[in-house]
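Counting starts at 1 for both ligands and their atoms, following the listed order. FYI, the numbering just counts along the sequence from 1. Source: prediction; values computed, not measured.
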Amino acid sequence: MQRQHQEFNKIESDNPFNNALAQLASVTDMLSIEPEYYEMLKSPEKEITVSLPLKLSDGSVSTFIGYRVQHNNARGPYKGGIRYHPNVTLDEVKALAMWMTWKAAIIDIPFGGAKGGITVDPKKLTLDDLERLTRKYVNAIEKDIGPESDIPAPDVNTNSQTMAWIMNEYSKLKGHNVPAVVTGKPVELGGSEGRISATGRGVAICIRESVKRFLQKDVKDVTVAIQGFGNVGSFAAKSLMEMHAKVVAISDVFGAAKAKGEKGYFEVPFEKLLEASNRLGSVTKIPGAEIISNAELLELDVDVLVPAALENQITEANARKIKSKIIVEAANGPTTPMADKILESMRVKVVPDILANSGGVLVSYFEWVQNLNRDHWLEDEVNGRLESKMVRAFKDVLDFSEKQNCDLRRAALVIAVNRVVSAMKLGGWH
Ligand code: NAD
């Protein structure tokens, strides 16, 4: 495995799958797995590409490309979100699918890893077109998804409405109601209480635990900047503000809003920030805030930086300019492997994505369990279970990193890969 470990040193790219492979290669010196398992884990088990021709409301016809990638199901059915974005590529979906395998293993739920996506700018389609595109996609991948085989969920630019369409189309094809085919549904259709806020809430729990451990501070005494104000970023901000942390800046694709005033953090209630950003179309329109760029947000002098948008935001080019002491990766793959090395040399603690944002898949698992049992849990029960599983996973990773004297990403990855390989061996995978 020495050769694989050396591969890690050569790779720096904006291709997320290369980065996912580099991360895997980076732990081969710490893994006690046979090379054939490493080879199996490097490639997804199945890659599906579908062509989706669609007559749009304006009468024109466009063909969209959709993907579903199933990385590994040794520990349970494939599980992973669906992303709608103009930059979706097969390699991006492959990386996200691999990260899902590690994520389910680290938070210790019986799922494997998958991901899906359509290369589309949803802002350019009407809601009607988006619904028909979603239904076409379901028809194209119907045989590969299902409550026992592969369970999609929301990701960037998809939400509970998208999941409702998927559930409805899939149920029509099966001839009966199948709520457990997707998670992140509206509560009225069998969605779980607390699912919408789960990823952000889990991120906030990781922040609370990491500042306690690494800065010996209470979360109410730390400053935080959050890049991305979508599902994950906004609910992370909400939970942090409920914990009385000092959120100093938030951002979206248009730019960032930095709190003005003596205190230097947002004092208005979270609901007001959200309402203003929704009503005015961007956080950059929030009255009274200073507008800065997303790049400037990443370089703010804060205790904790939370990238909650897309991949490759912290790279070799800007890693040295990071001033925060802790980075909690709410997004998937926001830090490249080369940036990781730079941050490690600067002693910045990086709480990796596969741990930090695993609250979403965890509550997705709770939703799936409730659907299969025709049950409905109260929000307090969901949040209580989320809290204890997140704290446990955080502690597992922290303890391992201290014992092995390695960074948190490698610690999380080693734990996850060992769990997956153990399941593969027990199942007799060759
Ligand atoms: P979302 O679509 O709800 O929000 C994305 C946010 O990022 C928006 O505010 C958007 O304006 C902003 N953004 C987009 N491009 C940007 C750019 N170039 N610079 C700055 N901001 C930009 O998506 P989400 O569901 O919140 O997902 C965000 C990240 O979290 C993704 O990496 C996703 O894979 C990951 N994630 C999501 C979940 C979930 O439950 N939704 C779970 C785990 C991980």
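- Ring geometry, Phe270 versus Phe229: the interplanar angle falls from 30° to 60°, so the pair is classed tilted.
- Side-chain rings of Tyr365 and Phe111 approach one another, their centers coming within less than 6.0 Å.
- The side-chain heavy atoms of Ser160 and Pro186, taken from C-beta on, include a pair separated by under 4.5 Å.
- Listed by chain and number, Arg83, Asp155, Val156, Asn157, Arg195, Thr199, Gln227, Gly228, Phe229, Gly230, Asn231, Val232, Asp252, Val253, Asn294, Ala308, Ala309, Leu310, Ala330, Ala331, Asn332, Asn357 each place a non-hydrogen atom less than 4.0 angstrom from ligand 1.
- Closest of all the heavy-atom pairs between Met346 and Ile322 is CE-O, 3.4 Å.
- Both the sub-6.0 Å distance and the 45° axial angle are satisfied by Arg385 relative to the ring of Trp377.
- Within 6.0 Å of NZ in Lys174 there are more than 12 heavy atoms belonging to other residues, nucleotides or ligands.
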